Q: 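Handing you a structure now.
Everything quoted here is computed from the prediction, not taken from an experiment.
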Amino acid sequence: MRRRLLASMLLVAVIAVLLLGVPLGVVVVRLINEDAAQELHSEANRLLIGVEYSVSQQQPISPEQLARNYPDRYLQVYVRGNRPIIAGTPPPDGRDLTEEARSENGYVRVSRDSAQIQRDTRARLVLIIALAIAALGAAIGLATVTSRRLSLPLQDLTRIAERLGSGDARPSRHRYGVPELDLVAEVLDRSALRISDLLAREREFATDASHQLRTPLTGLTMRLEEIVAAAGQPEVVREEGEAAIVQVERLTAVIDELLAAARRQRHAQAGPLDVDDVVGQQIVEWEPAFRRVHRSLVLAGDRGLRALGTTGGLSQVLATLLENSLKHGDGVLTINTSSAGKSVVIEVGDEGPGIPEALGHRVFERNVSGGGGTGLGLTLARALVAADGGRLELVRRRPATFAIFLRHDRDNDRRRVVSGPA
């Protein structure tokens, strides 16, 4: 790359020198010749005026005096009625430059050797060539410095990109003083931070999965061992089989939550949704379960609200809150929807004992549960809402009331993707 940069910059410099130097040389040569001819023509006019004045005053014209007045010139004076007057030394053949001036009484010719003019022309051309060579030298130096200044940072950026590709997601923080290269370096640093965050999430996901799956798998293994041991006792086999099915369902639920969270963190993109549709669908789905335990679901607040989010994500968050209330809450569960400032708010609260004070500020932390659960549901729910650009908060501890804050759909032009808790 450095060679290409150097060659291209030198080519541009050579073209610029040729486009400027050649016309400049031609103009200089022409100006020198025109100045010499103009000077010689002026001398011829002055000589003619002097000769006519001498003739009118009947004064003799001395060739020696003319030679002294016009040194290095060859003069020829032709006056009507007088003999031609010659003064000076004629220039060599092929090197003479002659100008003449005429009047009614005669004419004069002034000649000079053009060797001096040629020497002046060569001197000017040599100066132009020297300047062109100096310009090319400066261009070579500038091209070398510029190519080095550009190629070395690009090589460094290539190494940084290769390091990112190999899994080393440390930001380099290198800056090079070139705005475009600094922008690329900044983008690579941001990419490194994102990759590092993704790797951390992958490790966190693996840790969560191994931790959350260990207990159901252990229980399932014990049930299967009991079934094998009681192969001749149908009642025991049936009882243990039903317990194993419960363990499998629990295991499936945990896997679904983990995989859904992983997919959402990577690909979530919020869009306009009808809040009433999502909330109504969850009420229909959960109402039978609440009815079996003699509890009811109540929908209150404003209707016709639209927010930015994903239907699947909001449904899963509401399902988590409803399930937690079903397990740990009591009384009527109320879902209240409203519009507050820049947010659409969905509040889910019941009439139960609420959340213990010791867990109030840790309820969204991983592996924290007050009722023997996995300690993952509210953590994933908050991440799902955050992925849609909103947030999930515990607004009241007793009785427990959670609030989902989503952006209005009119903020769709500022749509963004967020990973992790708000």
Side-chain angles (χ1 to χ4, degrees), residues 253 256-292 295-327 329 331-351 363-364 376-396 399-422:
D256 289 342
E257 285 184 352
L258 291 171
L259 293 180
R263 286 194 297 268
R264 288 273 300 164
Q265 286 174 352
R266 292 172 187 167
H267 304 299
Q269 182 65 52
L273 58 84
D274 193 314
V275 175
D276 292 344
D277 289 346
V278 179
V279 174
Q281 184 245 343
Q282 289 301 310
I283 291 177
V284 171
E285 181 177 335
W286 285 91
E287 191 171 20
F290 276 80
R291 191 184 310 116
R292 282 194 294 268
R295 295 178 60 188
S296 61
L297 291 172
V298 174
L299 177 61
D302 302 330
R303 303 274 72 81
L305 298 177
R306 292 181 62 81
L308 288 179
T310 53
T311 301
L314 181 57
S315 298
Q316 187 170 346
V317 173
L318 288 173
T320 300
L321 297 177
L322 292 174
E323 183 180 9
N324 283 350
S325 176
L326 185 63
K327 290 181 179 179
V332 177
L333 184 142
T334 302
I335 301 177
N336 186 79
T337 57
S338 62
S339 178
K342 296 182 178 179
S343 300
V344 173
V345 184
I346 306 173
E347 292 187 357
V348 179
D350 58 23
E351 300 172 345
V363 70
F364 292 107
L376 190 61
L378 288 177
T379 302
L380 293 176
R382 172 172 269 198
L384 291 174
V385 176
D388 289 339
R391 69 183 193 276
L392 173 63
E393 301 289 347
L394 175 64
V395 296
R396 188 167 57 247
T401 302
F402 292 88
I404 304 170
F405 296 88
L406 298 175
R407 293 172 294 153
H408 283 284
D409 63 346
R410 59 175 174 265
D411 297 333
N412 195 26
D413 56 339
R414 298 192 296 271
R415 185 182 303 173
R416 59 188 179 87
V417 177
V418 182
S419 296

Q: Output all residues satisfying side-chain hydrogen bond (donor to acceptor under 3.5 Å, both in side chains) with Asn324, sequence neighbours left out; order by chain, then residue number.
A: none

Q: Could you list the donor-acceptor pairs under 3.5 angstrom formed by side chains in residues 277-284, with sequence neighbours left out?
A:
unit_1 : atom_1 : unit_2 : atom_2 : d
Gln281 : NE2    : Glu285 : OE1    : 3.4
Gln282 : OE1    : Trp286 : NE1    : 3.2

Q: For Ile404 and Leu318, what are the C-alpha separation, side-chain angles and deciding distance, and is it a side-chain contact (heavy atoms from CB on, under 4.5 Å)?
A: CA-CA 9 Å; Ile404 304 170; Leu318 288 173; 3.8 Å; yes

Q: For residues Ile346 and Leu314, determine if any side-chain heavy atom of one lies less than 4.5 Å from a side-chain heavy atom of the other.
A: yes

Q: Taking all non-hydrogen atoms of both residues into account, name the closest pair between Glu347 and Ala403 and its distance.
A: CG-CB, 4.0 Å

Q: Does the cation-pi check pass for Arg295 over Phe290, that is, NZ or CZ under 6.0 Å from the six-membered ring centre and within 45° of its axis?
A: no

Q: Looking at every non-hydrogen atom in both residues, tell me the closest pair between Ser325 and Leu333 and how far apart they are.
A: OG-CD1, 2.9 Å

Q: According to side-chain hydrogen bond (donor to acceptor under 3.5 Å, both in side chains), who are the partners of Arg396, at least two apart in sequence or on a separate chain?
A: Thr401

Q: Sequence neighbours excluded, which residues qualify as side-chain hydrogen bond (donor to acceptor under 3.5 Å, both in side chains) partners of Ser338?
A: none

Q: Applying salt bridge (charged side-chain N to carboxylate O under 4.0 Å, His left out) as the test, list every pair that has at least one member in residues 297-309; sequence neighbours left out.
A: Asp276-Arg303, Arg306-Asp409

Q: Flag the pair Leu406 / Ser343 as yes when at least one side-chain heavy-atom distance between them is below 4.5 Å, and no otherwise.
A: no

Q: My understanding is that only residues two or more places apart in sequence, or in another chain, count here; which of them pass side-chain contact (heavy atoms from CB on, under 4.5 Å) with Ala340?
A: Val345

Q: Testing the basics here: between Arg382 and Glu393, what is the closest heavy-atom pair and its distance to 0.1 Å?
A: NH2-OE1, 3.2 Å

Q: What heavy-atom pair brings Thr320 and Leu378 nearest, and what distance separates the two atoms?
A: CG2-N, 4.2 Å

